[in-house]
Peer 1: 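Starting off with a structure, shown below.
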Amino acid sequence: MSAPPADWRAALRPATVLDAASAGPWTAYGISTRTAPGPARTDALALAPYGPGLLLALASGTAADDACAAVYRHALRTAPALREALRTRDAEGYRRLGEETARACATVLADEAVRAGTPPAGYSLRLLHVPVDDPGAPCGLLVFGAGASAAPGGGTAVLRPGGDWYETPATTARLLEGPHPGGALLLTTGRLPAGPGARARLAAAWSPGPPPAGPVALLGQPLASPGDVSAVVLWRR
């Protein structure tokens with residue numbers, strides 16, 4: 001019997017990860033795909049219940065899996081404080097919790113980048129928390145990159161019924177609530193489709209609501225990337 005290849009661990013890691021989560025009126029589907037060789041994913045996602053709502057995370061870097069695991073651990077530990085911040089409308093406390101979560105995850109990515117000798121700008125983190133049935137609660141997207149206020153690569157877009165597409169560098173899920181409610185919020189570490197035809201088709205397909213096929217519907221969508229890529233689509237029912 002021949003010895004296993006040196007990179008046998010790479011074969012044990014799934015090429016595609018699909019995930020889904022829902023809380024109150026929110027539904028999120030996520031996909032993370034691999035195209036780059038190697039024993040570790042350089043792109044990962046986490047969809048986690050967090051207090052009265054959902055926490056969505058997209059991580060890029062040589063420790064992306066570990067960073068997303070840190071999202072889950074931090075969400076479990078700080079959920080009571082988050083509930084209290086939302087109950088008392090403590091916007092400062094809410095912001096502080098979000099930044100603590102981001103730092104906990106970004107530290108994992110940054111430490112691994114230093115250990116592996118990769119460029120410090122080679123990691124990024126996107127975090128979004130959406131509260132459940134609380135229109136007065138704060139809600140926002142935190143975007144972090146190494147040494148920068150905005151993460152390198154990736155993007156955020158609001159997909160509206162009728163095929164409309166609104167690209168924004170950093171937005172919030174409040175855009176799904178009005179003045180023209182409905183649609184979907186797309187977060188990705190890959191490149192957003194550039195062609196108007198591809199954008200219109202994606203918006204028309206996703207904006208009506210979560211596809212009946214579940215997160216499998218995210219397979220084959222035009223989110224190009226030369227390496228690993230992750231994407232999350234969020235809907236409000």
Side-chain angles (χ1 to χ4, degrees), residues 7 9-21 28-48 55-71 102 105-106 108-110 112-113 116 118-128 141-146 148 150-159 165 167-171 184-195 197-199 201-203 205-206 210-211 213-235:
D7 60 347
R9 290 182 183 83
L12 300 181
R13 291 181 178 267
T16 301
V17 174
L18 297 172
D19 202 358
Y29 290 168
I31 183 171
S32 184
T33 62
R34 292 199 72 189
T35 57
R41 300 187 72 90
T42 58
D43 230 79
L45 60 89
L47 308 179
L55 180 64
L56 317 178
L58 294 172
S60 295
T62 51
D65 272 340
D66 292 339
C68 285
V71 168
C105 305
V108 173
L109 294 166
E112 179 60 22
T118 56
Y123 75 83
S124 66
L125 178 70
R126 285 175 167 76
L127 289 175
L128 174 67
L141 172 68
L142 295 175
V143 181
F144 288 83
T156 306
V158 177
L159 288 57
W165 177 291
E167 187 173 331
T168 56
T171 187
L185 183 67
L186 167 65
L187 292 82
T188 180
T189 60
R191 293 192 298 270
L192 294 169
R199 292 186 173 208
R201 287 192 297 274
L202 203 58
W206 288 358
V216 173
L218 304 183
L219 293 170
Q221 297 297 338
L223 300 175
S225 173
D228 297 354
V229 62
S230 298
V232 172
V233 187
L234 177 73
W235 295 271

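Throughout, numbering of the chain's residues begins at 1 and tracks the sequence. Everything quoted here is computed from the prediction, not taken from an experiment.
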Peer 1: Should D43 and S230 be marked as a side-chain hydrogen bond (donor to acceptor under 3.5 Å, both in side chains) after you check the CA-CA gap, both sets of side-chain angles, and the distance that decides it?
Peer 2: CA-CA 6 Å; D43 230 79; S230 298; 2.7 Å; yes
Peer 1: Locate the shortest heavy-atom distance separating D19 from P215; write the atom from each residue and the value.
Peer 2: O-CB, 3.6 Å
Peer 1: To check you understand the geometry: which heavy-atom pair defines the closest contact between A67 and A59, and what is its length?
Peer 2: CB-CB, 4.2 Å
Peer 1: When rounded to the nearest 0.5 angstrom, what distance separates OG1 in T156 from CG in L234?
Peer 2: 11.5 Å
Peer 1: V232 and side-chain contact (heavy atoms from CB on, under 4.5 Å): which partner among L47, L218, L185?
Peer 2: L47
Peer 1: Evaluate the side-chain proximity of V17 to I31: yes if any heavy-atom separation is below 4.5 Å, no if none is.
Peer 2: no
Peer 1: Kindly give the heavy-atom pair with the smallest separation between A57 and V71, and that separation in Å.
Peer 2: CB-CG2, 3.7 Å
Peer 1: Measure from the side-chain N and O atoms of W206 to the backbone N and O of L186, and report whether any donor-acceptor pair falls under 3.5 Å.
Peer 2: no
Peer 1: Which heavy-atom pair separates G214 from Y29 by the least distance, and what is that distance?
Peer 2: C-CE1, 3.4 Å
Peer 1: Are any of the side-chain heavy atoms of L56 and L127 separated by less than 4.5 Å?
Peer 2: no
